[in-house]
Number of protein chains: 2
Amino acid sequence: MTDEKKPRRRPRSDGQRNRENLLNVAKAAFTAGEVDIPLDEIARRAGVGIGTLYRHFPNRDALIEAVYRAELDRLANAAPVLAAQHPPVEALRAWMRLFVDYIAAKLVIAPALNGLAGGTGTLYAQSGTVLQSAIDGLVAAAVASGEISADIEPVDLLRALAGVSNYAAGPGWETSAKRLVDILIAGSRVSAS
Amino acid sequence: MTDEKKPRRRPRSDGQRNRENLLNVAKAAFTAGEVDIPLDEIARRAGVGIGTLYRHFPNRDALIEAVYRAELDRLANAAPVLAAQHPPVEALRAWMRLFVDYIAAKLVIAPALNGLAGGTGTLYAQSGTVLQSAIDGLVAAAVASGEISADIEPVDLLRALAGVSNYAAGPGWETSAKRLVDILIAGSRVSAS
DNA sequence: TGTTAAGCGGAGATATCCTCCGCATATACC
DNA sequence: GGTATATGCGGAGGATATCTCCGCTTAACA
């Protein structure tokens, strides 16, 4: 149980390069809507063997999660920036709209998320932590400013938006998602008991 | 192109029985969380051959849709009843809560819905029609009574609720979904522009 | 430059979906 | 009842996908 960290050899350059390639190829495929592309195909496009893919990502879910983890981080990092630029409620609104944009651009790859039957919970629980703390901060600020009711569960707002993305195929989708943002914010205000 | 309906032989009793069995077994499995149970296994539990399963339901999606189509209808049928019993906005609220209850009891099998990678849109578009017209009616009444803003896309409310269910695993989930119902309704009121 | 651990890659074991088609039987008609 | 036949049954097996295993290669370190 000794938690010693061995002075391990630096990771091989080709290993890192292959990992990057795989992530890029996978992201391109998912973004293009090829959600259930075979893993062999991803490996082929990335110019590596299937074994390499599986060493880096033990299963499909792990790959998917890794693919958009980076995007999730970018999205989360936007929260403090917006908070500094806008008053609390508007920062929240802006960030929620950004969230919609990400989904619209498939940068958050909602369909891929959906594809994880059963595993969704686990995956989202891990990856979603960063998003959760991001919106927690925004909501907390808005509550502190007295504009938003205190008994809001911030994550629910995200979940609601993500839900709209799930069953969204039609062209006017993005508009209605943005409208939902306004509804959610209006419904969260203290005035609207 | 003659649209003649042939006087077909009455369907065989064993055929109908097998179909029922399959649906019951599948519903039980899905409700129990075995979302990606192999179809062979469903056939086995139902005491029929795999071929029989595939004749009744050409693919996995068809089975899933058939399984909870009945529940969807029940849920949709509750809308006019509630509308008769409550004032418009309260009827809407009550129905949305009922929707949450169905999801909570897995009667609407949200995870199974999610499991349909790519096909979600199509499936929901077909099965969801009944739900859509149900909530359309409720919202229309609430708009007519002047209590709810007219530029609400009713389906979005459903989508938002369904979204909460997607990433819902925790114990307190149902409570927060119900709270979201209130937020959505509050945000849809005309006063809260 | 030699040693060695880390990484590579693809054959193939396993699992799942779905098709096909000969056999069985419930229905309809006599 | 008895017979004809459409309808349904069922599982072997083809197609495809996931994931494992292990001998070979190569980058990192001295």
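In what follows, chains are A, B, ... by sequence order, proteins preceding strands, each numbered from 1. All values below were derived from every heavy atom in this structure, side-chain atoms included, with hydrogens, water molecules and symmetry-related copies excluded.
Within 4.0 Å (heavy atoms only), A/Asp40 reaches at least one base atom of the nucleic acid. Contact annotation for A/Thr52: base contact, defined as any heavy-atom pair under 4.0 Å involving a base atom.
Straight-line distance from the CG atom of B/Asp36 to the P atom of D/dT18: 13 Å, rounded to whole Å. One can place CZ of B/Arg17 at 18 Å from P of D/dT7, the figure rounded to the nearest angstrom. Spacing between atom OH of A/Tyr54 and atom C1' of C/dA13 amounts to 13 Å, rounded to whole angstrom units. Distance, B/Arg44 CZ to D/dC9 C1': 18 Å, rounded to whole Å. Taking atom CG of B/Asp14 as the reference point, atom C1' of C/dC23 lies 14 Å away to the nearest angstrom. As a whole-Å value, the separation of B/Leu53 CG from C/dT16 C1' is 13 Å. Rounded to whole Å, the distance from CG on A/Asp61 to P on D/dA17 is 17 Å. A straight line from CD of B/Glu20 to P of D/dC9 spans 13 Å, rounded to a whole angstrom.
Look at A/Arg97 and A/Asp182 and you find a salt bridge, because one of the NZ, NE, NH1 or NH2 atoms lies within 4.0 Å of a carboxylate O, short of that distance.
Between C/dA26, C/dC18, D/dT18, one nucleotide has an atom nearer to the side chain of A/Arg60 than all others, and that is D/dT18. For B/Arg12, whose side chain is taken as the heavy atoms from C-beta onward, the closest listed nucleotide among D/dT7, D/dA28, C/dG9 is D/dT7. Comparing D/dC9, C/dT19, C/dG7 by their closest approach to the side chain of B/Arg55 singles out D/dC9. In the set D/dC9, C/dC8, C/dT19, C/dT19 carries the atom at the smallest distance from any side-chain atom of B/Ile50. Closest to the side chain of A/Leu39, from the set C/dA26, C/dC17, D/dT18, is D/dT18.
From A/Phe57, atom CZ reaches atom CD1 of A/Ile64 across 11.5 Å, with rounding to the nearest 0.5 Å. The CG atom of B/Leu158 sits 7.0 Å away from the CE atom of B/Met96 when rounded to the nearest 0.5 Å.
Annotation: of the two residues near DNA chain D, B/Gln16 and A/Ile37, the 5′-most nearest-nucleotide partner is B/Gln16.
The phosphate of C/dC17 (OP1 or OP2) has no side-chain N or O of B/Asn59 nearer than 4.0 angstrom. Taking 4.0 angstrom as the limit, A/Asn18 places a side-chain polar atom (N or O) nearer than this to OP1 or OP2 of C/dC8. For D/dA27, neither phosphate oxygen OP1 nor OP2 lies less than 4.0 angstrom from any side-chain nitrogen or oxygen of A/Arg10. Considering only side-chain N and O atoms, B/His56 lies nowhere under 4.0 angstrom from the phosphate OP1 or OP2 of D/dG8.
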Between B/Asp36 and B/Arg60, is a salt bridge (Lys or Arg N to Asp or Glu O under 4.0 Å) present by the stated rule, with each step listed?
CA-CA 10 Å; B/Asp36 34 299; B/Arg60 188 183 197 84; 6.0 Å; no

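A donor-acceptor contact shorter than 3.5 Å is absent between the side chain of A/Thr52 and the backbone of A/Val48.
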